Engineer: 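I have a structure here, written as structure tokens, and I will follow up with some questions on it.
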Amino acid sequence: MTNIHPSIDGIRRILVIGAGTMGSQIGLVAALAGYDTTVQDISEQMLAQAKAELSARLEANVAKGRLDAADAETALGRLDFTTDLDAAAAGADFVIEAATEQLEIKGQIFARLGRLAPDHAILATNSSTLGSSRVAAATGRADRVCNMHFFNPALVMKCVEVVRHPDTSQATVDTAMELARRFGKEPVLINREIPGFIANRLMGAIQREALALSAAGIASKEDIDTTARTALGHPMGPFELMDLVGLDVIDFIAQATYAETGNEADRPDPQVAALVAAGRLGRKSGQGWYSY
Ligand SMILES: NC(=O)c1ccc[n+]([C@@H]2O[C@H](COP(=O)([O-])OP(=O)(O)OC[C@H]3O[C@@H](n4cnc5c(N)ncnc54)[C@H](O)[C@@H]3O)[C@@H](O)[C@H]2O)c1
């Protein structure tokens, strides 16, 4: 491998790939933290939508007195939107990939980034289910590749899981952790790739228990949700949370985890699968465990 030691002080321009739910907000987080930021997507429409949504969000925050109007304008001025990955990568000091969750897409992006981004640039993926080792070799700089996993909504949620793979260098880990802090986040370090990282594993364990209690008729889903809120101080119960995240997403994560671990405890839940098959995806479809 190389002798390149990326450092936080070398970071001026951040490239975020993907202008969807996560990428758009991660871009604004970076711009609000003072970084020149490029958001790249293959879809002009997604870029236009992201730009409009972020402007509206800034305006709302100014109206609520949470943000100074001048700071909002400065942050917007630091954001560029483009479909041109080659040019964007050439000017980036740090890349956060938040494109569609498909290994083939991410593999192609990371191979291109390996060729186009400056040598000192760290290449991070926001993937929820794919460890960065799956795309690291394609870059030719595996030591500068890691996961940097934000939570939805990225503007609000404080946690960032930084996950190293066996070849990730210490300088890469240190720089990614420090960048997350400069973004105003509270990063945590995960020393080894594991499906679900930490947060989704904790959430999965609670969900599994809640589903088992409900299936066995021990208590209703309403009472299980109430217990999580009133006894444990959770902001919402596990069934409410599943509806918020989307039951299709819950099912997809379980399938990906089970495919990787083969562990019986990770097997996708048949009750969730049945709801998905019936088109009941949670809040976004108007019906899930509950009706909205
Ligand atoms: N949604 C969540 O709650 C959440 C939370 C944490 C992490 N993630 C992860 O973030 C990533 C993005 O998820 P999302 O929910 O924002 O998805 P999304 O579907 O909202 O957005 C994905 C975007 O990627 C774009 N895209 C597809 N192929 C591309 C390519 N080759 N180059 C550039 N852009 C491309 C799409 O046009 C789309 O705009 C995934 O890896 C996901 O696992 C999602």
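Numbering of ligands and ligand atoms starts at 1, following listing order. All values reported here derive from a predicted model rather than from experimental measurement.
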Engineer: Taking only Lys NZ, Arg NE, NH1 and NH2, and the carboxylate oxygens of Asp or Glu, determine whether E101 and K106 approach each other closer than 4.0 Å.
Structural biologist: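 Counted as a salt bridge, because a side-chain N and a carboxylate O are separated by less than 4.0 Å.
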Engineer: Under 4.0 Å from atom 31 (N) of ligand 1, is there at least one protein heavy atom?
Structural biologist: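 It does; a protein heavy atom is within 4.0 Å.
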Engineer: Give me the residue, atom name and distance of the protein heavy atom closest to atom 6 (C) of ligand 1.
Structural biologist: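 I find the closest protein heavy atom is F150 O, 3.1 Å.
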Engineer: Are the side chains of E193 and R134 in touch, meaning some heavy atoms are under 4.5 Å apart?
Structural biologist: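 No, side chains not in contact.
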Engineer: Can you classify the ring geometry of Y35 versus F183 as parallel (below 30°), tilted (30 to 60°) or perpendicular (above 60°)?
Structural biologist: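 Y35 vs F183 ring planes: perpendicular.
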Engineer: Can you tell me which residue and heavy atom of the protein come closest to atom 13 (O) of ligand 1, and the distance to 0.1 Å?
Structural biologist: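 Result: M22 CG, 4.1 Å.
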Engineer: What I want to find out is whether D86 reaches R112 closely enough, with some N-O distance under 4.0 Å, to be called a salt bridge.
Structural biologist: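 Yes, charged N to carboxylate O under 4.0 Å.
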Engineer: What residue and heavy atom of the protein are closest to atom 42 (C) of ligand 1, and at what distance?
Structural biologist: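 Going atom by atom, the protein heavy atom closest to atom 42 (C) of ligand 1 ends up being E101 OE1, 3.7 Å.
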Engineer: With heavy-atom distances below 4.0 Å as the criterion, list the atoms of ligand 1 near N152.
Structural biologist: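 Contacts of ligand 1 toward N152, numbered from 1: 3 (O).
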Engineer: Short N/O distance, under 3.5 Å, between E97 and ligand 1?
Structural biologist: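 In this structure, E97 places no N or O atom under 3.5 Å from an N or O of ligand 1.
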Engineer: Heavy atoms only, cut-off 4.0 Å: how does I109 contact ligand 1, side chain, backbone, both, or neither?
Structural biologist: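 Side chain only.
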Engineer: Under 4.0 Å, heavy-atom basis, I'd like to know which part of Q108 is in contact with ligand 1: side chain, backbone, both or neither.
Structural biologist: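 It is neither part, as no heavy atom is under 4.0 Å.
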Engineer: Quick one, H165 and S132 - any side-chain contact, counting heavy atoms below 4.5 Å?
Structural biologist: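 Yes; the side chains approach each other to less than 4.5 Å.
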Engineer: Under a 4.0 Å threshold between the charged nitrogen and the carboxylate oxygen, would E178 count as salt-bridged to R182?
Structural biologist: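 Result for this pair is yes, salt bridge flagged.
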Engineer: How about T82 and Q40: does a side-chain donor come under 3.5 Å of a side-chain acceptor?
Structural biologist: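 No, Q40 and T82 have no side-chain donor paired with an acceptor closer than 3.5 Å.
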Engineer: Any protein heavy atom lying closer than 4.0 Å to atom 19 (O) of ligand 1?
Structural biologist: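 Within 4.0 Å of atom 19 (O) of ligand 1, no protein heavy atoms are found.
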Engineer: Where's the contact between I17 and ligand 1, heavy-atom distance under 4.0 Å: side chain, backbone, both or neither?
Structural biologist: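 Only the side chain of I17 comes within reach of ligand 1.
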Engineer: Taking the cut-offs as 6.0 angstrom to the six-membered ring centre and 45 degrees off its axis, would you call K221 and Y290 a cation-pi pair?
Structural biologist: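 Yes, a cation-pi geometry.
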Engineer: For ligand 1, note which part of I105 has a heavy atom under 4.0 Å away: side chain, backbone, both or neither.
Structural biologist: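 Only the side chain of I105 comes within reach of ligand 1.
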